[in-house]
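The next block holds one structure in the form of structure tokens; read it before the comments.
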Amino acid sequence: MTDKRPILFFDSGIGGLSVLAPARALLPAAPFVYVADNAGYPYGTKSELEIAARVPALLGRLAERFNPRLIVIACNTASTIALGAVRHALDLPIVGTVPAIKPAALASKTRVIGVLGTDATVRQPYVDRLAAEFASDCVVLRHGSAELVDAAEAKLRREVPDPAVFARAMAGLTGQPGGEMLDVVALACTHFPLVEAELARAAGRPLSFVHGGEGIARRIAFLTQGHVWPEKPGAGIAIFTAATPGVDSLVPALRNYGFEDMRIL
């Protein structure tokens, strides 16, 4: 029998595509549903209470509608705030996305690393715990940027983001005390790998960037070992939670990632 249940990816916008791409490469036969909660976008400027209330309720509705075999919360903000509540509420595997502090610390030679995320992510106690566990011998610099999220969305709409956005984001790290020693940056928002090249140019000196996309893809492959996939997965389904003006301009980018069926929740 063919098991047509999809893997469901969830983010506030299109940042989760940076996680979906390596997962699709590892699991080419898997059917995918991608959900962009553009009605709640952006998450990074919202309060913890708002995210904790919204994400589990919305994922409950999506799980009932699409019957996924696995859900990926492809959003650092949502994961650091609501991952535990979602796992408690839903009886299926939930994969979260957390800042790549461990690989950043492993790669750093200077022992000064950066965490570049949203305002909501970089202030979370979860980040404190990751830093204490995996980077206790490092100076961990943090910076939150809401405008960088918008810049990544703009890039996928085929617009040209203002280069000053990337310069400000990098200066938010390198301009801190100890920033001159920074050598590795953990991109702690799934939007940010989509503009990694722009960030590298704005840095003005060689830096390494790490994120969790490849590791999450391996985790998904591990959790779906032995699963039966459809002979033909068909076109991916992309869901938006609101019919906002920017939706149509994201269609070409989503098609590049294998999504042909566009819907409004």
Side-chain angles (χ1 to χ4, degrees), residues 5-20 23 32-100 115 117-130 144-146 148-150 152-153 187-194 211-213 215-216 219-220 223 237-244 246-247 250 254 263-265:
R5 292 178 299 152
I7 296 172
L8 190 148
F9 276 73
F10 175 84
D11 184 28
S12 64
I14 46 74
L17 293 174
S18 70
V19 181
L20 181 137
F32 290 93
V33 171
Y34 185 90
V35 180
D37 182 21
N38 58 320
Y41 174 94
Y43 281 2
T45 57
K46 289 184 165 50
S47 71
E48 282 79 354
L49 286 176
E50 289 176 286
I51 299 300
R54 183 175 184 84
V55 171
L58 183 52
L59 283 175
R61 289 173 56 199
L62 292 166
E64 184 175 354
R65 180 165 180 174
F66 291 103
N67 188 29
R69 66 183 77 205
L70 181 146
I71 290 177
V72 181
I73 303 179
C75 172
N76 285 267
T77 301
S79 295
T80 55
I81 294 171
L83 180 59
V86 173
R87 284 176 169 162
H88 181 75
L90 299 180
D91 187 21
L92 73 163
I94 310 293
V95 177
T97 308
V98 299
V115 179
T118 66
D119 294 313
T121 294
V122 299
R123 68 173 179 251
Q124 291 307 310
Y126 196 101
V127 178
D128 297 335
R129 293 194 293 271
L130 288 174
S145 174
L148 195 54
V149 179
D150 291 335
E153 295 265 333
L187 298 177
C189 171
T190 55
H191 281 80
F192 295 175
L194 300 173
H211 60 89
I216 293 166
R219 180 63 179 165
I220 295 167
L223 291 172
I237 301 171
I239 308 290
F240 293 92
T241 56
T244 56
V247 166
L250 288 170
L254 286 162
R263 306 179 189 178
I264 305 297
L265 186 64

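We use all heavy atoms of the structure for the numbers below, so side chains are in, but hydrogens, waters and symmetry mates are not.
- Considering CG of Leu187 and CZ of Phe192, their distance stands at 8.0 Å, rounded to 0.5 Å.
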_Go through it in stages, so that I can follow the logic: the residues are Leu265 and Leu58, the test is side-chain contact (heavy atoms from CB on, under 4.5 Å), and I'd like the CA-CA distance, side-chain angles, deciding distance and then a yes or no._
CA-CA 10 Å; Leu265 186 64; Leu58 183 52; 3.8 Å; yes
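- Nearest heavy atoms, Glu153 versus Gly15: OE2-N, 4.4 Å.
- Here the CG atom belonging to Leu83 is positioned 11.0 Å from the SG atom belonging to Cys75, to the nearest 0.5 angstrom.
- To the nearest 0.5 angstrom, Thr80 atom OG1 is 9.5 Å from Arg123 atom CZ.
- The aromatic rings of Tyr41 and His191 sit tilted, their planes meeting at an angle between 30° and 60°.
- When every heavy atom of Thr77 is checked against every heavy atom of Gly44, the shortest pair comes out as OG1-CA, 4.2 Å.
- Note that CD1 of Ile71 is 9.0 Å distant from CZ of Phe10, once rounded to the nearest 0.5 Å.
- The minimum heavy-atom distance linking Ile51 with Ala82 is given by the pair O-CB, 4.3 Å.
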*List the steps and the verdict of side-chain contact (heavy atoms from CB on, under 4.5 Å) for Leu8 and Tyr34.*
CA-CA 6 Å; Leu8 190 148; Tyr34 185 90; over 6 Å; no
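- Distance CD1/Ile81 to CG/Leu49: 9.5 Å, rounded to 0.5 Å.
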_From CA spacing to verdict: side-chain contact (heavy atoms from CB on, under 4.5 Å), Asp37, Val55_ = CA-CA 9 Å; Asp37 182 21; Val55 171; over 6 Å; no
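- Asn67 meets the side chain to side chain donor-acceptor pair (under 3.5 Å) test with no other residue; sequence neighbours excluded.
- Rounded to the nearest 0.5 angstrom, Arg69 CZ and Ile220 CD1 are separated by 12.0 Å.
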Can I get a per-line list of side-chain donor-acceptor pairs under 3.5 Å for residues 91-98, giving both atom names and the distance, sequence neighbours left out?
from, atom 1, to, atom 2, distance (Å)
Thr97, OG1, Ile73, O, 2.7

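- For Arg54 against Ala39, the heavy-atom pair with the smallest separation is NH2-CB, 3.6 Å.
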*asked:* If you apply the rule side-chain contact (heavy atoms from CB on, under 4.5 Å), what do you find for Tyr43 with Thr118, and how did you get there?
replied: CA-CA 8 Å; Tyr43 281 2; Thr118 66; over 6 Å; no
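- For the pair Asp119 (side chain) and Thr45 (backbone), a donor-acceptor distance under 3.5 Å is absent.
- Within a 6.0 Å sphere centred on CZ of Phe66, other residues, nucleotides and ligands contribute more than 12 heavy atoms.
- Judged purely by atom type and a 3.5 angstrom limit, Asp11 has no side-chain atom pairing as donor or acceptor with the backbone of Ala36.
- Asn76 and Thr121 share no side-chain donor-acceptor pair at under 3.5 Å.
- Contact detail for Ala23 and Phe9: the closest heavy-atom pair is CB-CZ, 3.8 Å.
- A pairwise comparison of heavy atoms in Ser18 and Leu194 identifies CB-CD2, 4.0 Å as the closest pair.
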